[in-house]
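What's counted below: heavy atoms across the whole structure, side chains too, no hydrogens, waters or symmetry copies. First the proteins, then the strands, lettered A, B, ... as listed; each starts at 1.
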Amino acid sequence: MKFWQNLPFLLIWTPMLLSGVTAALKPRWALRMALFVPLAGTLGSAALLLECLRAGGSFLYPLGEFGAPMGNELRAGPAEALLALTFCAILFLSVLGGYQRIVAQIEERRRGLYCVMVLLLQAGLMAQVFTNDVFTAYVFIEIMTIAAGALVLARNRGRALFGATRYMIMNLLGSGLFLLGIAVLYCLTGELLMEDIHDKLVSLRTAGSYARPITLSVALVTVGLAVKSALYPFHTWLPDAYASATPSSSAMLSSLVSKAYIFLYIKFVLRVWGLGLFRETHMQAVLLVFSFLGILLGSIDAVLEKRLRRMIAYSSVAQIGYIYLGVALGTRVGVAAALFHTIAHALAKALLFISGDRLIGASDGESGFHELRGAGYRAPLSGAAFTVGACSIVGIPLLGGFASKLYLTRACLAMSAANAAVAVIVLAVSTALNATYFLTTVITIYQKPEREYGARLSHPPLSTAALAAFALLILALGVIARPAMDVIARGVDLLI
Amino acid sequence: MLSKLMGHSEEIAALILFGIGFTNLLLNRNMMKKIIGFSMMDSAIYLFLASYGYIDGRVAPIIEDASAPLEVSAYVNPLPAGLVLTGIVVSVSVTAIMLALTLRLYKRYHTLDIDAIAILAREADPE
């Protein structure tokens, strides 16, 4: 084994270990830790991605002394490494972009713990990406739930407290369903490692036994992870949690936490059940309907919303619908498009939350749209960054969002003619709705203000640099869409 | 049919308990009862796993005399018990954080009713 093959383990273990160290540090140093560790994670996963591409394959990494059936395993390939790179980079930029707001909105005695939770979240994200064991996935799901709940809770405000409570309740329901799902799966197969479960399921299917319990476990895992990643109609916890937290937390929750659950779900579809079983249990059809509903109704909710941050939150519901649509197609191309959209949306949504908060900050802290008029002139860089993020989500060419919608539509066209027609109409209508609410917002922030605004917040140059980095990454993803898609497609092929 | 069901009484009890706990966590308005529901839901899954891992007449695989010939059929699989233990640790920590959250909600709003808290939170803070 070569040294770089230890990277997946180090990417999980280092933030976990350092989160304990961070708990003992003074808030100022803890915040530096919360910047430094995600940055180190970014570099580590970039190295892993390069090595995976050079070696041209994926590999298994056994943990501890015990071998495959009893022991625990990690697995890494191009898809995992690319996701890890995206997650670490966004985590770093989210903390950097919202640094000043963390200091302003979180009391000093809680700031250190906030950083501990950021590092625990990083460990949880990396574990979801790399684990090959379904029970380890469950344990880290709960760690992520606690960390994410605490990130919302950190802001000592009534609405944030309430948002965190709803977040925790719905997420615990989701993890309960997921745990029951994998318990049933374990009772049927007696295995916990993903490909072992898959092999047993294949032989159970050819023998034709336990068809109903298998369907039950597939349904439980699907609903559990759908609740946790806020697929419509399980999204009710989302707006309160996203809109009330400090902007860094909103960015992390919407761009990272829900995406990690979706990636775990993709691993279940490809590696545990296999696309054949996924189609056979009709879970694919159910998911298709939910994703259509999410795309349309999430967009309508966003159009009706009168406040900026809640509108961005509702737009997440629609975008999660897009990602699940790609998965629900049940094809390799569909899953690859879903992964591409995951990355494009994660970049754009983190940018929107952070720049949106800065626009609100330049409007005396008011988030209603009539108060935001002229915010683009009062905070020119934030306005420009917001425009880039909004255009990417709407799907303006040259930006990441355009390429991902293109791949998604192309994947939809492979379905039967009637389904493809419905899918394309849904995508077209929702793009029109996206344009309605995002471009209206962009126009609003460049309109003539109705009144004079007070002193605006000054932003440290590093926070502005984070916004610029997000905007450049979105642009880069749009420009190098084809090579990026090649990496994802190769990763998806290796996952099966 | 009935005898078949009776053979799986633990699993059936576990699924019923899971349903009760799940419904409580989802629908009960009282935060404390929600947390009780959560504990029931998780315990039900542990019952499910533990009953799956237990085989009548077999013991845990702790080998005292390493030189004696190994009789695999005398032991149960230790993995389900390990999963249950890990799961218990997870649910204890989640219960602790939920209780702390409830305490903070109660100190701020002087009620445990989540619907009342929702109204109060929205009044105090429109976004």
Ile114(B) side, atom CD1; Thr165(A) side, atom OG1 - distance, nearest 0.5 Å = 5.0 Å

Any chance you could measure Ile146(A), atom CD1, to Met98(B), atom CE, to the nearest 0.5 Å?
-> 10.5 Å

Is there side-chain contact between Ile169(A) and Phe38(B), with at least one heavy-atom pair below 4.5 Å?
-> no

Minimal heavy-atom distance between Gly176(A) and Ile45(B), with the atoms involved, is O-CD1, 3.5 Å

Measuring heavy-atom distances to chain B, does Leu177(A) have an atom under 4.5 Å in its side chain, in its backbone, in both, or in neither?
-> both

For chain A, the option from Asn77(B), Ile117(B), Leu105(B) that forms the most heavy-atom pairs under 4.5 Å | Leu105(B)

Taking every heavy-atom pair that is under 4.5 Å apart, which of Thr145(A), Leu192(A), Ile143(A) has the most such pairs with chain B?
-> Leu192(A)

Starting at NZ of Lys34(B), measure out to CE of Met168(A) and round the result to the nearest 0.5 Å.
-> 13.0 Å

Interchain contact, Leu101(B) with chain A, by part (heavy-atom threshold 4.5 Å) = side chain

For the student: nearest non-hydrogen atoms of Phe48(B) and Cys187(A), plus distance | CE2-SG, 3.5 Å

Under 4.5 Å between any side-chain heavy atoms of Leu153(A) and Arg104(B), yes or no?
-> yes

Chain A contact via Leu26(B) - side chain, backbone, both or neither, heavy atoms under 4.5 Å | both

Side chain to side chain, Phe140(A) and Val90(B), heavy atoms closer than 4.5 Å = no

Using non-hydrogen atoms only, which part of Tyr186(A) is less than 4.5 Å away from chain B: side chain, backbone, both, or neither?
-> both

Go through the steps to decide whether Arg122(B) and Asp240(A) satisfy the test side-chain contact (heavy atoms from CB on, under 4.5 Å), and finish with yes or no.
-> CA-CA 10 Å; Arg122(B) 280 192 192 122; Asp240(A) 275 314; 3.7 Å; yes

Smallest heavy-atom separation, Ala121(B) atom then Gly158(A) atom, equals CB-O, 4.3 Å

For the ring pair Phe162(A) and Tyr109(B), is the centre-to-centre distance below 6.0 Å?
-> no

Given Leu79(B), Leu120(B), Ile97(B), the one with more heavy-atom pairs under 4.5 angstrom with chain A than any other is Leu79(B)

For Tyr75(B), does the OH atom have more than 12 heavy-atom neighbours from other residues, nucleotides or ligands under 6.0 Å away?
-> yes

Does a sphere of radius 6.0 Å around CD1 in Ile62(B) hold more than 12 heavy atoms from other residues, nucleotides or ligands, not counting ones at 6.0 Å or beyond?
-> no

Quick one: OH on Tyr52(B) to CG on Leu188(A), what's the gap to the nearest 0.5 Å?
-> 8.5 Å

Supply the atom-to-atom distance Glu142(A) CD to Ser93(B) OG, rounded to the nearest 0.5 angstrom.
-> 8.0 Å

What residue, out of Leu15(B), Asp42(B), Val94(B), has the most heavy-atom pairs lying under 4.5 Å from chain A?
-> Val94(B)

